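To keep things clear, I will list the structure first and then write my remarks on it.
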Amino acid sequence: MADEILQWHDGFHAALQIELQGESAHLRFCSEYELYKKSLRIDTVVIKESDAKPIQKNIGKIFRKHNLIEYKSPDDYLSIDDFYKVYGYACLYQSNTEKVHGISMEDITITFVCSHFPRKMLKLLKKERGIGVVRKGKGIYQLTNDPISMQIIVNTQLSPKENVWLCSLKRDLAMDINTKRLLREYKGHRESNLYQAAMDLIMRANQKTMEEAGNMVCDAIKEIFADEWKKQELKFQEKEVQFQEKELRLQEKESQINEKESQINEKESQMQKKEIQLKRLENRMETLIQLLINNNLLDDLKKISMDKTYREQMYQRYGL
């Protein structure tokens with residue numbers, strides 16, 4: 001079965017914002033930024049809204065006003081062609097303004113983010129353009145001898161303590177203390193769309209690893225989300241009690257309804273008996289009257305209408 005195509009760039013854009021969220025008030029992030037009306041797009045542009053405060057986060061210390069970022073997924077590598085493409089994008093970005101020299105090249109930086117150190121590309125840059133490279137920290141390399149400020153971030157070499165989200169954008173994530181830190185941080189921000197996007201990509205990229213780790217993954221997740229699961233368990237127990245109480249109330253109501261229905265049926269039966277009895281009395285009276293008329297006993301007819309005892313005697317006489 002073919003491997004699932006993962007949207008690494010979406011996850012990267014989310015992870016990048018998470019890493020820089022401490023200074024997000026000064027930054028504006030533009031995913032798939034359209035350089036021209038034609039299909040020329042840079043992966044991410046970070047626009048620094050204020051020049052007053054420099055970015056303190058390790059991956060953003062190079063940032064100026066306009067910061068172009070090219071991301072290569074773990075399955076890809078950074079080549080010399082990628083370098084010139086993005087360098088060209090920076091020039092197009094500078095020229096795509098309403099007025100002449102609306103953006104100074106001094107205000108533009110380029111950041112390449114990749115999983116593998118691009119030795120071949122750096123060797124060619126040194127040979128062709130005299131561009132050197134200086135390591136500024138774990139996984140962060142600054143390019144020198146060029147008018148545009150540029151850096152390369154090898155996300156797999158970054159400090160997990162400082163850049164746990166970018167570090168986790170890989171296919172061989174291990175269930176270690178760094179991954180537990182990642183899960184704990186996600187736990188505290190799981191309602192955030194950014195954290196959901198980044199975590200979804202990381203989990204799907206490492207699905208095989210997660211399956212092979214088996215119980216270790218489950219134990220780690222249980223440990224981190226123990227408090228939450230305990231709360232959920234209590235909620236389920238409360239709901240179960242509420243359900244049982246509701247079921248009991250329904251049973252009591254059903255019993256009351258059945259009792260009322262039984263009383264109504266009893267009353268209906270009594271009414272039917274009374275109706276039958278009344279009908280019989282009416283029929284007996286009609287028969288007696290008809291017999292008295294037929295026998296021309298008009299005095300008796302008058303007397304039975306006023307004397308109940310006499311009427312009963314006449315019923316007996318005629319066998320009614």
Side-chain angles (χ1 to χ4, degrees), residues 7-21 23-73 76-115 118 121-122 124-125 128-134 136 139-155 166 169 194 197:
Q7 299 300 321
W8 285 97
H9 290 79
D10 293 341
F12 165 75
H13 188 69
L16 179 71
Q17 292 180 72
I18 292 171
E19 295 285 0
L20 292 166
Q21 65 181 342
E23 299 166 279
S24 61
H26 311 291
L27 304 173
R28 176 157 49 95
F29 296 84
C30 309
S31 178
E32 298 291 334
Y33 186 84
E34 189 171 323
L35 293 170
Y36 266 29
K37 291 183 178 179
K38 295 181 180 180
S39 298
L40 295 175
R41 293 185 179 184
I42 191 73
D43 290 330
T44 300
V45 171
V46 180
I47 300 172
K48 192 167 177 282
E49 301 285 15
S50 172
D51 295 329
K53 185 178 180 181
I55 301 302
Q56 299 302 313
K57 186 74 173 182
N58 60 343
I59 61 172
K61 287 183 177 181
I62 193 179
F63 283 2
R64 297 181 182 176
K65 180 68 175 177
H66 303 274
N67 308 281
L68 282 62
I69 302 177
E70 173 77 358
Y71 172 70
K72 309 300 285 186
S73 71
D76 204 350
Y77 67 96
L78 188 62
S79 70
I80 190 67
D81 291 345
D82 295 315
F83 173 86
Y84 283 118
K85 178 190 72 173
V86 179
Y87 201 96
Y89 283 173
C91 296
L92 290 172
Y93 184 90
Q94 185 279 333
S95 65
N96 189 26
T97 56
E98 294 181 357
K99 62 180 181 179
V100 175
H101 204 246
I103 297 175
S104 171
M105 288 303 288
E106 292 181 350
D107 291 331
I108 295 177
T109 72
I110 297 174
T111 296
F112 300 94
V113 183
C114 54
S115 298
M121 182 195 82
L122 291 172
L124 287 171
L125 287 177
E128 295 178 358
R129 301 186 54 179
I131 293 177
V133 59
V134 176
K136 304 298 287 186
I140 301 175
Y141 303 86
Q142 188 169 344
L143 302 184
T144 61
N145 302 326
D146 193 273
I148 300 179
S149 294
M150 296 180 285
Q151 68 176 352
I152 296 171
I153 296 176
V154 182
N155 68 302
L166 287 180
L169 292 179
L194 286 177

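Every value quoted in this text rests on a predicted model; they were computed, and no experiment measured them.
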message = With rounding to the nearest 0.5 angstrom, report the CG to CZ distance, Leu16 to Phe29.
response = 5.5 Å
request  = Could you tell me the separation between the CG atom of Leu125 and the CD1 atom of Ile152, rounded to the nearest 0.5 Å?
outcome  = 7.5 Å
message = Please tell me whether Ser104 and Asp107 have a donor and an acceptor in their side chains that are separated by less than 3.5 angstrom.
response = no
request  = Let me see the working for Thr144 and Ile131 under side-chain contact (heavy atoms from CB on, under 4.5 Å), right down to the final yes or no.
outcome  = CA-CA 6 Å; Thr144 61; Ile131 293 177; 5.5 Å; no
Beyond-backbone contact of Gln151 with Leu143, side-chain heavy atoms, under 4.5 angstrom = no
inquiry  = I need the minimum non-hydrogen distance between Leu169 and Ala15, along with the two atoms involved.
reply    = CD1-CB, 4.0 Å
message = Please find the pair of heavy atoms, one from Ser79 and one from Met121, that lie closest to each other, and give the distance.
response = O-SD, 3.5 Å
query = If we ignore angles and hydrogens, is there a donor and acceptor under 3.5 Å between the side chains of His26 and Ser50?
reply = no
task = Taking all non-hydrogen atoms of both residues into account, name the closest pair between Ile148 and Ala90 and its distance.
result = CD1-CB, 4.2 Å
request  = State whether Glu19 and Lys57 are salt-bridged, where the test is any N-O pair (Lys NZ or Arg NE/NH1/NH2 against Asp/Glu carboxylate O) under 4.0 Å.
outcome  = yes
key: Atom pair OG1 (Thr109) and CG (Leu68), whose distance is rounded to the nearest 0.5 Å   = 7.0 Å
remark   = Taken to the nearest 0.5 Å, the spacing of Leu20 CG from Asn58 CG works out to 8.5 Å
ask   = So, is the end of the Arg129 side chain (NZ or CZ) under 6.0 Å from the ring centre of Tyr87 and within 45° of the ring's axis?
value = yes
ask   = Do the non-hydrogen side-chain atoms of Lys61 and Ile55 ever get within less than 4.5 Å of each other?
value = no
task = Please determine if Asp82 and Lys72 form a salt bridge, counting it only when a charged side-chain N lies under 4.0 Å from a carboxylate O.
result = yes
request  = Please confirm whether the backbone N or O of Pro54 pairs with a side-chain atom of Gln56, one donor and one acceptor, at under 3.5 Å?
outcome  = yes
request  = Answer yes when Lys85 and Glu70 have at least one side-chain N-carboxylate O distance shorter than 4.0 Å, and no when they do not.
outcome  = yes
request  = Evaluate the side-chain proximity of Asn67 to Val45: yes if any heavy-atom separation is below 4.5 Å, no if none is.
outcome  = no
Flag side-chain contact, heavy atom, 4.5 Å: Ile110 against Tyr93 = no
task = Please examine the side chains of His101 and Gln94, heavy atoms only from C-beta on, and report whether any two atoms are closer than 4.5 Å.
result = yes
ask   = Any side-chain heavy-atom pair from Leu27 and Lys48 closer than 4.5 angstrom?
value = yes
message = Is it true that, when you exclude Tyr77 itself, more than 12 heavy atoms of the residues, nucleotides or ligands shown sit nearer than 6.0 Å to its OH?
response = no
inquiry  = Please check this pair: side chain of His66 against backbone of Val46, looking for a donor-acceptor N/O pair closer than 3.5 Å.
reply    = no
inquiry  = I'd like to know if the side chain of Ser115 pairs up with that of Asn155 as donor and acceptor (distance under 3.5 Å, no hydrogens or angles considered).
reply    = yes
task = Measure the shortest side-chain to side-chain distance between Cys30 and Ile47 over non-hydrogen atoms and say whether it is less than 4.5 angstrom.
result = yes
inquiry  = What's the separation between atom CG in Asn96 and atom SG in Cys91, rounded to the nearest 0.5 Å?
reply    = 12.5 Å
inquiry  = Could you go through Phe63 and Glu23, starting from their C-alpha distance and side-chain angles, then the distance that decides it, and tell me whether this counts as side-chain contact (heavy atoms from CB on, under 4.5 Å)?
reply    = CA-CA 12 Å; Phe63 283 2; Glu23 299 166 279; over 6 Å; no
ask   = With no hydrogens and no angle check, is any side-chain donor or acceptor of Arg64 less than 3.5 Å from a backbone partner on Glu106?
value = yes
task = Please examine the side chains of His13 and Trp8, heavy atoms only from C-beta on, and report whether any two atoms are closer than 4.5 Å.
result = no
query = Minimum heavy-atom separation for Ile18 to Gln21, with atom names?
reply = O-CG, 3.0 Å
query = When rounded to the nearest 0.5 angstrom, what is the spacing between CD1 in Ile42 and OH in Tyr89?
reply = 6.5 Å
key: Test applied, side chain to side chain contact (heavy atoms under 4.5 Å, CB included); reference residue, Ile69; option that passes from Phe112, Phe12, Tyr33   = Phe12
